[in-house]
Each structure stands twice: as structure tokens, then as C-alpha cells.
Student: 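Right, I'll just put the structure down here and ask away after.
Nothing fancy with the numbering, it's 1 onward along the sequence. Small disclaimer: the values here were computed from a predicted structure and weren't measured.
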Amino acid sequence: MALALASVPAWGKLTGMEWSDEGFVLSARKHGETAAIVSLLTRDHGRHVGLVRSGAGRRARGLYQPGNRLKATWRGRLAEHLGSYSCEMIEAVAAPLMADPLRLAGLSSLCAVSEAALPEREPHRPVFDGLAVVLDALSGGEAAVWQSVYVKWEIGLLQELGFGLDLSQCAATGSLDNLTHVSPRTGRAVSAEAAGPYRDKLLALPAFMLSGSGIAPSAEEVLAGLRTTGYFLERHVFAGRREAKAPDARSRFTDRLAGRTALSA
């Protein structure tokens, strides 16, 4: 037990009705005149919501932009209460992306999908770590890099929530080669040979989605990957939501990417 505790950062430990942790802003909604309800994806406490007094004020508005990385302290009378946050900036992620509409749309989608998919106050460290990788790629990577990383993050999200895709071999033949499709029923890969007459009923499996591929995808392949992950997200993760579909921010991202692809065709 002592060894396990030693591996946790000092500001990531629970101390009664107060804890401190690192988190990414997923959303901030105005509450009253100047307060805000802020949703963070934290490293050790999962998706967690809290009240920030003066969080909607002019001085604090830039702090709570989606994607920003913060050091947050949460306090509440009881653990199940909404509680309140006090936060400090670690890294401003959103501001540098304002000049790039597609990257900004990707950031908005990333945060909206995280908020809609993850249960509140349930730690999902792999999702947090993966989100950090996507945000890093968004900030400086080439288009093919950050877009492929985004799709792979959604694959990881499905895996973490118990709906992982099996892309290791063909579901019909066991072949490891020429995997080109995914079964919408089972989430398993299908080879080009086995797809045959069922091709139109299967989902696309661009090569970059395969483990260890190292292939830089085209925008069309990224869109195909997003359609595939989007299908399983809507079927397994978002089906229980009131809208029973992916967040609008994700749709805007795919639409913007599709528009960019059409212009370059």
C-alpha cells in the first residue's frame, strides 16, 4: 500500500472532502451572473464537475476554455456534492488553435465526446493519457498525424468503455493480412477476400487504424475511420443519451473535414 501511494502525485490524493488533481477542461457553462459550472477530465478522479465562482467573469473566461490543462482543487461538504473548484493554468491549449478552424473543430469534438461518453467521477486514466497525446498532436503535428491520432483515441475510448474493436485478424478466415473492413455486428476485422459480396454492408477499415501500421492517412481515410468509430460510439456509448447520437461538435468536425476534403479533390 505504501508503494502504491508513493506512486501518486501529492496533489492527486484524496484528503477528506478536498482533493487536488490535474485536469483538462471539457466544458464551462455560465451559472448565474458570474459563476460557471466547469467539467474537467482529471487524471485520478475521472470526469468531474464543480462550481467556479467568478468562472464566467472576464478575467477567468480564458482559463476555462475547452482543452486547457489545469491544476484543480475541488472542495465540498460531502463527496457527492457539486462542490467548488479553484484552478491554475498548466497549459493553454485552446488559444493557439483559434486561427485554425479544423483543428479547433477537432478540439471541440474531442472534449464533447469525452464529456458525453465518460461516466462522472469514474477514473479512466488511459482516456486521460490518450487525450493528452491528441492535444499535443493538435498543437503541433501535421494534419495527417493529429487526425489519425484522434481516430485512434476514439478506438481506445471504445476499448476503455468495454466496447473494443478486434482488428487483429479476419473474423471469417483468421488471416492477418489485407484487413480492409469491420463487421458492424461484431466489431471484428474482415479481410478483402472474405468481404466479397458483403462489402457494401461492412464498415471501412483504413490501414492507419491497424496496430503498428505507421501509415499516414489521407483525409478521405480519416473520414472513413471516423465513420467507423462513430458507428460504434453511437451504437454502444451514446445510445442511452437523450439524443441517442454523437455530440453536435463531433458532427461539425466531420462535416468540416469532409468540406476540406471536397475542396482539395
Student: Has R235 got a side-chain atom pairing as donor or acceptor with P184's backbone, closer than 3.5 angstrom?
Tutor: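 Between the backbone of P184 and the side chain of R235 there is a qualifying donor-acceptor contact (under 3.5 Å).
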
Student: Between the side chains of R29 and E115, is the shortest nitrogen-to-carboxylate-oxygen separation below 4.0 Å, so that they form an ion pair?
Tutor: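 Looking at E115 and R29, the cut-off is met.
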
Student: Quick one: does L135's side chain get under 4.5 Å of V93's, heavy atoms only?
Tutor: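 Sidechains of V93 and L135: in contact.
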
Student: Do P123 and F128 have side chains that get closer than 4.5 Å, going by heavy atoms?
Tutor: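 Side-chain contact under 4.5 Å: no.
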
Student: Is it the case that one hydrophobic cluster holds both W19 and V49, taking links as side-chain heavy atoms less than 4.5 Å apart, direct or via other members?
Tutor: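 No, W19 and V49 fall in different hydrophobic clusters.
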
Student: Quick check: are there more than 12 heavy atoms from other residues, nucleotides or ligands sitting under 6.0 Å from CD of E33?
Tutor: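 Count not over threshold, so no.
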
Student: Would you sort out whether V134 and K152 count as a side chain to side chain contact (heavy atoms under 4.5 Å, CB included), showing the intermediate values?
Tutor: CA-CA 9 Å; V134 183; K152 291 177 181 179; over 6 Å; no

Student: Between L202 and I155, is there a shared hydrophobic cluster once you connect ILVMFWY residues whose side-chain heavy atoms come closer than 4.5 Å?
Tutor: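 Different clusters.
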
Student: Using a strict 4.0 Å threshold on nitrogen-to-oxygen distance, state whether E154 and R250 make a salt bridge.
Tutor: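 Here E154 pairs with R250 in a salt bridge, since their nearest N and O are under 4.0 Å apart.
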
Student: Nearest 0.5 Å, what's the CD-OG1 distance between E22 and T42?
Tutor: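 Those atoms lie 9.5 Å apart.
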
Student: Can a donor-acceptor pair be found, under 3.5 Å and without considering hydrogens, that links the side chain of T229 to the backbone of L226?
Tutor: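 Yes, because the side chain of T229 sits within donor-acceptor range (under 3.5 Å) of the backbone of L226.
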
Student: Using a 6.0 Å cut-off, check whether atom NE2 of H236 has over 12 heavy atoms from anything other than its own residue.
Tutor: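 Yes, NE2 of H236 has more than 12 neighbouring heavy atoms, counting only those of other groups under 6.0 Å.
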
Student: Quick check on the hydrophobic clustering: are L118 and I37 connected, directly or via other members, by side-chain heavy-atom contacts under 4.5 Å?
Tutor: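 L118 does not cluster with I37.
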
Student: Using a distance-only test with no angle check, is there a side-chain donor-acceptor pair under 3.5 angstrom linking D177 and S175?
Tutor: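 On atom types as modelled, these side chains do not qualify, holding no pair under 3.5 Å.
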
Student: Is the number of heavy atoms from other residues, nucleotides or ligands within 6.0 Å of CD (E80) greater than 12?
Tutor: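 Yes, enclosed.
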
Student: Rounded to the nearest 0.5 Å, what separation is found between the CH2 atom of W146 and the CG atom of L97?
Tutor: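 Reported to 0.5 Å precision, the distance equals 9.0 Å.
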
Student: Just do the side chain to side chain contact (heavy atoms under 4.5 Å, CB included) check on T228 and L205 with the steps written out, would you?
Tutor: CA-CA 8 Å; T228 296; L205 177 58; over 6 Å; no

Student: Is any side-chain heavy atom of T180 closer than 4.5 Å to a side-chain heavy atom of S191?
Tutor: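 Contact flag for T180/S191 side chains = no.
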
Student: For the pair R47 (side chain) and L41 (backbone), establish whether a donor and an acceptor sit closer than 3.5 Å, ignoring hydrogens and angles.
Tutor: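 Side chain of R47 to backbone of L41: no pair is present.
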
Student: Return the minimal non-hydrogen interatomic distance between V190 and S183, and the atom names on each side.
Tutor: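 Between these two residues, the closest heavy atoms are CG2-N, 4.1 Å.
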
Student: Which atom pair, heavy atoms only, marks the closest approach of R75 to S86?
Tutor: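 Scanning both residues, the minimum pair turns out to be NH1-OG, 3.3 Å.
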
Student: How close do L167 and L179 get, counting heavy atoms only, and between which atoms?
Tutor: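 Nearest heavy atoms, L167 then L179: O-CD1, 3.6 Å.
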
Student: With rounding to the nearest 0.5 Å, note down the distance linking OG in S54 to CZ in R59.
Tutor: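 If we round to the nearest 0.5 Å, S54:OG and R59:CZ are 10.0 Å apart.
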
Student: Contact between V127 and L161 at the side-chain level, heavy atoms closer than 4.5 Å - yes or no?
Tutor: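 Not touching, per the 4.5 Å side-chain cut-off.
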
Student: From S39 OG over to L26 CG, what is the distance, rounded to the nearest 0.5 angstrom?
Tutor: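 S39 OG to L26 CG: 4.5 Å, rounded to 0.5 Å.
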
Student: Which heavy atom of A94 sits nearest a heavy atom of P66, and at what distance?
Tutor: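 Reported closest heavy-atom pair: CB-O, 3.5 Å.
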
Student: Are the side chains of Y85 and H48 in touch, meaning some heavy atoms are under 4.5 Å apart?
Tutor: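 A side-chain contact exists here, since the closest heavy-atom pair is under 4.5 Å.
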
Student: When rounded to the nearest 0.5 angstrom, what is the spacing between CG in D21 and NZ in K71?
Tutor: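 Atom-to-atom, D21:CG and K71:NZ are 10.5 Å apart.
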
Student: Taking the side chain as every heavy atom from C-beta outward, state whether W74 and L40 have any atom pair closer than 4.5 Å.
Tutor: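 Side chain of W74 against side chain of L40, heavy atoms only: no contact under 4.5 Å found.
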
Student: Quick one: do R188 and Q169 satisfy side chain to side chain contact (heavy atoms under 4.5 Å, CB included)? Show the steps, please.
Tutor: CA-CA 8 Å; R188 299 183 65 189; Q169 62 183 29; 4.2 Å; yes

Student: Quick check on Y198: does its OH atom have over 12 non-hydrogen neighbours (other residues, nucleotides or ligands) under 6.0 Å away?
Tutor: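 Atom OH in Y198 is not crowded, with 12 or fewer foreign heavy atoms closer than 6.0 Å.
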
Student: Is there a side chain to side chain contact (heavy atoms under 4.5 Å, CB included) between L51 and L82 once you walk through the steps?
Tutor: CA-CA 7 Å; L51 176 72; L82 172 64; 4.1 Å; yes

Student: If Ile, Leu, Val, Met, Phe, Trp and Tyr residues are connected whenever their side-chain heavy atoms lie under 4.5 Å apart, and connections chain through other members, are L102 and L104 in the same group?
Tutor: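 Yes, L102 connects to L104 through the hydrophobic network.
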
Student: For the residue pair L176 and S168, what are the closest heavy atoms and their distance?
Tutor: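 L176 and S168 have their closest heavy atoms at CD2-O, 3.4 Å.
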
Student: Is there side-chain contact between L157 and L233, with at least one heavy-atom pair below 4.5 Å?
Tutor: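 Yes, at least one pair of side-chain atoms sits under 4.5 Å.
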
Student: Side chains of Q65 and M98: closer than 4.5 Å at any heavy-atom pair?
Tutor: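 Contact flag for Q65/M98 side chains = yes.
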
Student: Mind checking whether W153 and Y150 have parallel, tilted or perpendicular rings, split at 30° and 60°?
Tutor: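 Rings of W153 and Y150: tilted, 30 to 60°.
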
Student: If every non-hydrogen atom of A172 is compared with every non-hydrogen atom of A194, which pair is closest and at what distance?
Tutor: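 Shortest heavy-atom separation between A172 and A194 comes out as CB-CB, 3.9 Å.
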
Student: Would you give the length of the straight line joining atom CG of L131 to atom OG of S114, rounded to the nearest 0.5 angstrom?
Tutor: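 With rounding to 0.5 Å, CG (L131) is 5.0 Å from OG (S114).
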
Student: Surrounding CZ of R53 (heavy atoms of other residues, nucleotides or ligands, distance under 6.0 Å), is the total greater than 12?
Tutor: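 No, not enclosed.
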
Student: Quick one: do L223 and Y231 end up in the same hydrophobic cluster if we chain Ile, Leu, Val, Met, Phe, Trp and Tyr together by side-chain heavy atoms under 4.5 Å apart?
Tutor: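 Same cluster: L223 reaches Y231 through Ile, Leu, Val, Met, Phe, Trp or Tyr contacts under 4.5 Å.
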
Student: Do E91 and N68 meet the criterion of a side-chain donor-acceptor pair at a distance under 3.5 Å?
Tutor: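 There is no such pair between these side chains.
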
Student: Could you please spell out the steps behind the salt bridge (Lys or Arg N to Asp or Glu O under 4.0 Å) verdict for E234 and K245?
Tutor: CA-CA 5 Å; E234 291 195 354; K245 64 182 183 68; over 6 Å; no

